[in-house]
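Chain letters run A, B, ... following the sequence lines, proteins first and then strands; every chain starts at 1.
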Number of protein chains: 2
Amino acid sequence: MNLSTRHMKAFSALAATRNFTRAAEFCNLTQSAFSALISNLESGLGVRLFSRNTRNVELTAEGEVFLEMVGHLLPEVERALAGMRDYVERRKGRIALAALPSIASSILPSLMARFLASYPGIELVVQDVSSTVCAELVRSRQVDFALCASTSVSAGLDSETLASDGFYFICPQDHPLARRKRLAVADVLPHPIVVYEQNSSIRQHLDASIYPRQWVRGFEVNSLSTAAGLVAAGLGVTVVPTLALFHFRIRGLRAIPLALPIDRRDICLIRRKDSTDSLAAQAFISLLREGFADAMRDLEP
Amino acid sequence: MNLSTRHMKAFSALAATRNFTRAAEFCNLTQSAFSALISNLESGLGVRLFSRNTRNVELTAEGEVFLEMVGHLLPEVERALAGMRDYVERRKGRIALAALPSIASSILPSLMARFLASYPGIELVVQDVSSTVCAELVRSRQVDFALCASTSVSAGLDSETLASDGFYFICPQDHPLARRKRLAVADVLPHPIVVYEQNSSIRQHLDASIYPRQWVRGFEVNSLSTAAGLVAAGLGVTVVPTLALFHFRIRGLRAIPLALPIDRRDICLIRRKDSTDSLAAQAFISLLREGFADAMRDLEP
DNA sequence: CACACTTACGATATTCGTAAGGATT
DNA sequence: AATCCTTACGAATATCGTAAGTGTG
């Protein structure tokens, strides 16, 4: 017996109406097709479910038993199918992603907000971790994808560059370099620089670009917004990548393009090579592509 | 979407094996037909459930969600179908019937025992009531059928005679009439008779056969076995129909055919005219037909 | 190149709707 | 006569299996 939702719907319609004609049109079937459907169900089960003499249709004893069963079963099946539809139409879902702190704290929140405005039912879980951890989380399926620097992306993962960061020197508007149009490393070295913690992608990029000893180390902070506060208070200068400029759009601060030996930092979307993204993830990823492209256009005109 | 048990079984087989070929043969299908079945399911739901590249088959995120659902759904559907099969194969069921006390206490118990030996899962509920109540219970669907006297069976009910009772005079073997081969009413009248309560079918039959005043009334009892005891103790004689002879097969008692004006009592099976009997009831009824016929053969050779 | 899934395609089976048949009130 | 379920039958659809195609390791 191959019981289907059609069978159950037809059965319950007939049990409710006790009339083949009306039940048939309720199921959008000809009366004859409907009759055949019911007979098919009955022969599949091996019992008459309805006793019918042209004038009266009523449930047999076994029909009553089946009605009880279908009364529980059909709503459950329909609830399950509706649940699937929720996923298909992205009313439900869960996206786990990893991102560098400099991304998670700058461009990502607004993109998440835009995404959630379109798909309010989807749960977004973000972990802000270093690039190597990003890759590890993707590989171990703990997240659906990650946004991180292109370095340390290893085999088995699929990488797609979403944005390419340049670097900027950030200083108060009354700083000696404040009027310059572009700067080189040599220009910056004399000034005490607010730097980020050791694991930070920005710090690692700077350390890789310039031998650490050459810097005049100022404060060491964890977050970009703290750095912004310090610089605004005249307590130092700093260097940040394009996407982090969000945090430095503060009155009294200047951002000047800075040429570094390792000139750019690529921001990549990394995914497992073989895996298929969930529909929710697909939707978010396409929003991210647009969002990053827009951000680059706005920040580096 | 018309989700069927085939779909769910195929899905779970594939989710378990992650291999189309093996899952297909598990479902007794060609690999190609199986593949089509899965595609059909996926297109019905509007999602890919498996990500497959010729070498690997695995669940997508939506597939995982569906697996969770099917994991609950499929066992429930199968439990329901197995439940129906229990009814069809008469491993489960419930038969409610009404019967005259003289039947319920004599021939019926052994027939019930035989029935339950074949169909141990079926619940039998017997009410021993008068013929008019029998008819009423059948009409109001409180019982599936009844076994009662043919009198007072009214319209809308289907009646089938299962047995025809004659009447017997019961006396101790040392009674003056004990050697007679057959008796008439006149023979019996002088002897004090153990009679049954007013509503009893036997009492009513006797009252209708012979004007009540003509009897020499002995004890009045409720049950046939009490009557048997009294007669065996020499405290009277009694008159009972054929089917009640069971109770009087006691050493020292004689049963002698008695000709009454209303000679026989027909025992009928009565059912609702339109209703369809449950499979369990059908099985019991056919056993009853045989059982009553056998009993008549044994008791009235 | 071997294995595993997909596609192509003709054959079979199912399901559909129209229309006629039969039973009940 | 009217209503309502069943049956008959040709058409449309779905499903099956064989066999060829395709891509991945």
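- For B:R272, the CZ atom counts as densely surrounded, since its 6.0 Å shell holds more than 12 non-hydrogen atoms of other residues, nucleotides or ligands.
- With respect to B:E123, the salt bridge (charged side-chain N to carboxylate O under 4.0 Å, His left out) criterion is satisfied by exactly one of B:K92, B:R94, B:R91, B:R90: B:R94.
- A salt bridge links A:E78 to A:K9: at least one charged side-chain nitrogen sits closer than 4.0 Å to a carboxylate oxygen.
- The existence of a salt bridge linking A:R271 and A:E160 is confirmed by a sub-4.0 Å separation between a basic side-chain nitrogen and an acidic carboxylate oxygen.
- The CD-P distance, from A:E42 to D:dC5, rounds to 13 Å in whole Å.
- Closest-nucleotide positions on DNA chain C for B:R18 and A:A33 were compared, and the one nearer the 5' end corresponds to B:R18.
- The separation between B:R6 atom CZ and C:dT14 atom P is 11 Å, rounded to whole Å.
- Between A:L41 atom CG and C:dT14 atom P the separation is 16 Å, expressed in whole Å.
- A tilted orientation is assigned to the rings of B:F115 and B:F284, their planes being inclined by 30° to 60°.
- Atom CG in B:L29 sits about 14 Å away from atom P in C:dC5, given to the nearest Å.
- In this structure, A:F50 and A:F20 have perpendicular ring planes: the angle between them is above 60°, well past the 30° mark.
- Protein atom CZ of A:R22 is 13 Å distant from nucleotide atom C1' of D:dC5, rounded to whole Å.
- At D:dT6, one or more side-chain N or O atoms of A:S35 fall inside 4.0 Å of OP1 or OP2 (strictly under the cut-off).
- Residue B:T21 has a polar side-chain atom (N or O) positioned under 4.0 Å from OP1 or OP2 of C:dC5.
- Following rounding to the nearest Å, A:I38 (CD1) and D:dC4 (C1') show an atom-to-atom distance of 15 Å.
- Taking only side-chain atoms of A:T30, from C-beta outward, the nucleotide of D:dT18, C:dT18, C:dT6 with the closest atom is C:dT18.
- For B:R289, the CZ atom is densely surrounded, since the number of other residues' heavy atoms within 6.0 Å is greater than 12.
- The shortest distance between the side-chain N/O atoms of A:R52 and the OP1/OP2 oxygens of D:dC4 is not below 4.0 Å.
- Taking atom CD of B:E25 as the reference point, atom P of D:dC16 lies 16 Å away to the nearest angstrom.
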query: When you check every protein heavy atom under 4.0 Å of nucleotides 19-25 of chain D, what one-letter string (B, S, -) results, 5' to 3'?
result: B---BSS
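- Atom C1' of nucleotide D:dC5 and atom CG of A:L14 are separated by 11 Å, given to the nearest angstrom.
- Side-chain atoms of B:N40 lie closest to D:dT15 of the nucleotides D:dT15, D:dT6, C:dC5.
- Nearer to the 5' terminus of DNA chain C, by closest-nucleotide assignment, is the contact made by B:S39 (compared with the other of B:S39 and A:H7).
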